[in-house]
Number of protein chains: 2
Amino acid sequence: MAKESNGVICLCPLDGVIDIISKKWALLIINEIGNHKRIRYNNLMKELQGITPKTLADILKELVKYGLVKREPFNEIPPRVDYTLTDDGEQLREAIIPILQWAISRKGTVVAHCSCSLIEKGKALVRLRS
Amino acid sequence: MAKESNGVICLCPLDGVIDIISKKWALLIINEIGNHKRIRYNNLMKELQGITPKTLADILKELVKYGLVKREPFNEIPPRVDYTLTDDGEQLREAIIPILQWAISRKGTVVAHCSCSLIEKGKALVRLRS
DNA sequence: CGGCATCCTGTGGGATACTG
DNA sequence: CAGTATCCCACAGGATGCCG
């Protein structure tokens with residue numbers, strides 16, 4: 001993407017977006033922060049079962065760089081950092097709702113007793129709009 | 001994803017979806033096929049500038065497996081294969097439109113003389129709905 | 001608590017060449 | 001024309017351990 005050909009620089013609208021949404025955890029993190037409005041690092045760790053601290057930190061940093069997530073550190077002991085979505089991040093979150101709905105309709109009905117909290121998030125997302 | 005924890009299998013609605021949309025070219029290919037309704041392999045190669053035959057073949061195979069794309073081979077000389085979207089694939093394509101729109105609004109106005117045909121595709125997608 | 005530093009592996013995907 | 005076959009590598013991301 002964003003390659004140059006015929007001497008013209010490509011500003012393809014998908015450029016960059018792929019870089020964001022193609023990261024395995026990025027959408028999940030954005031969704032998660034959006035669900036909580038305001039959430040701390042370790043709380044994210046708990047919700048996003050299976051993610052490693054490194055990966056979470058890496059992607060958070062990237063999302064902040066992209067202007068999708070806002071990082072608010074507090075000078076407290078113990079240290080505390082809050083993460084929230086920027087307006088842009090919130091808009092992206094809403095933009096992925098149709099994909100969530102598509103995924104759910106495709107999978108059939110969501111089972112009740114699933115330990116995976118992502119299901120609840122999916123529902124939460126969909127509920128936003130319906 | 002689709003991991004087992006507490007003895008319960010997770011049927012997270014995002015499971016599998018990430019595997020699809022996280023592939024760099026998958027959405028582009030789905031979009032491209034959708035734009036053309038029916039398109040042949042080499043035509044896809046031309047439209048998706050920069051993709052290698054291996055990558056295109058790999059992802060097409062996967063999309064077929066996922067039931068998003070339909071492959072129609074003809075017994076002709078020279079050989080001919082048409083690709084079309086399944087209903088499911090078409091629905092996914094529509095589900096990503098909001099993300100496209102978000103991307104475009106974020107990037108600002110699309111420039112006119114861009115050699116990258118992806119822009120046209122983005123426009124085409126958006127035009128579908130507006 | 002909220003990270004960062006290191007190490008390591010799997011694999012998406014690029015380049016190139018060949019084929020039924 | 002519509003792919004395979006190989007080779008190769010950059011990079012996401014897991015595991016583990018340390019730090020202010």
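Just so we're on the same page: letters track the sequence lines, and every chain starts at 1.
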Mind calculating the distance between [atom1] ([X]) and [atom2] ([N]) to the nearest angstrom?
X       : N      : atom1 : atom2 : value
B:Ile21 : C:dG12 : CD1   : C1'   : 16 Å
B:Ile59 : D:dG3  : CD1   : P     : 14 Å
B:Asp19 : C:dG13 : CG    : C1'   : 16 Å
B:Leu27 : C:dG12 : CG    : C1'   : 15 Å
A:Met45 : D:dT16 : CE    : C1'   : 13 Å
A:Ile51 : C:dG3  : CD1   : P     : 13 Å

Picking from [options], which would you name as closest to the side chain of [X]?
X       : options               : result
A:Tyr41 : C:dG2, C:dG13, C:dC4  : C:dG2
A:Arg40 : D:dT4, C:dG13, C:dC1  : C:dC1
B:Ala57 : D:dT4, C:dG3, D:dG14  : D:dT4
A:Lys23 : D:dG13, C:dG13, D:dT4 : D:dG13
A:Lys54 : C:dC7, C:dG2, D:dC1   : C:dC7
B:Thr52 : C:dC4, C:dG14, D:dG14 : C:dG14

Practice prompt. Using only side-chain N and O atoms of B:Trp25, determine if any of them is under 4.0 Å from OP1 or OP2 of C:dG12.
Written response: no
Worksheet item: Within less than 4.0 Å of OP1 or OP2 of D:dT4, is there a side-chain N or O belonging to B:Lys61?
Response: yes
Worksheet item: Does B:Arg38 come within less than 4.0 Å of B:Glu72, counting only side-chain N to carboxylate O?
Response: yes
Worksheet entry | A:Ile97 backbone acceptor or donor facing A:Trp102 side chain under 3.5 Å | no
Between [atom1] on residue [X] and [atom2] on residue [Y], distance to nearest 0.5 Å:
X       : Y       : atom1 : atom2 : value
B:Asn75 : B:Arg80 : CG    : CZ    : 11.5 Å
B:Asp88 : B:Glu90 : CG    : CD    : 10.5 Å
A:Leu68 : A:Arg93 : CG    : CZ    : 13.5 Å

Fill in: 5' priority, DNA chain C, between A:Asn42 and B:Glu62 [closest heavy atom]
A:Asn42
Worksheet item: Given that A:Asn43 and B:Pro53 both sit by DNA chain C, which one's nearest nucleotide is further toward the 5' end?
Response: A:Asn43
Worksheet item: Using a cut-off of 4.0 Å on non-hydrogen atoms, how would the nucleic acid contact of B:Ile77 be classed: base, sugar-phosphate, or nothing?
Response: nothing
Fill in: Sugar-phosphate only, base, or nothing, as touched by A:Tyr83 at under 4.0 Å among non-hydrogen atoms
sugar-phosphate
Discussion item. Here's a test of your reading of the structure: between A:Asp58 and A:Pro79, which maps to the more 5' nucleotide of DNA chain D?
Written reply: A:Asp58
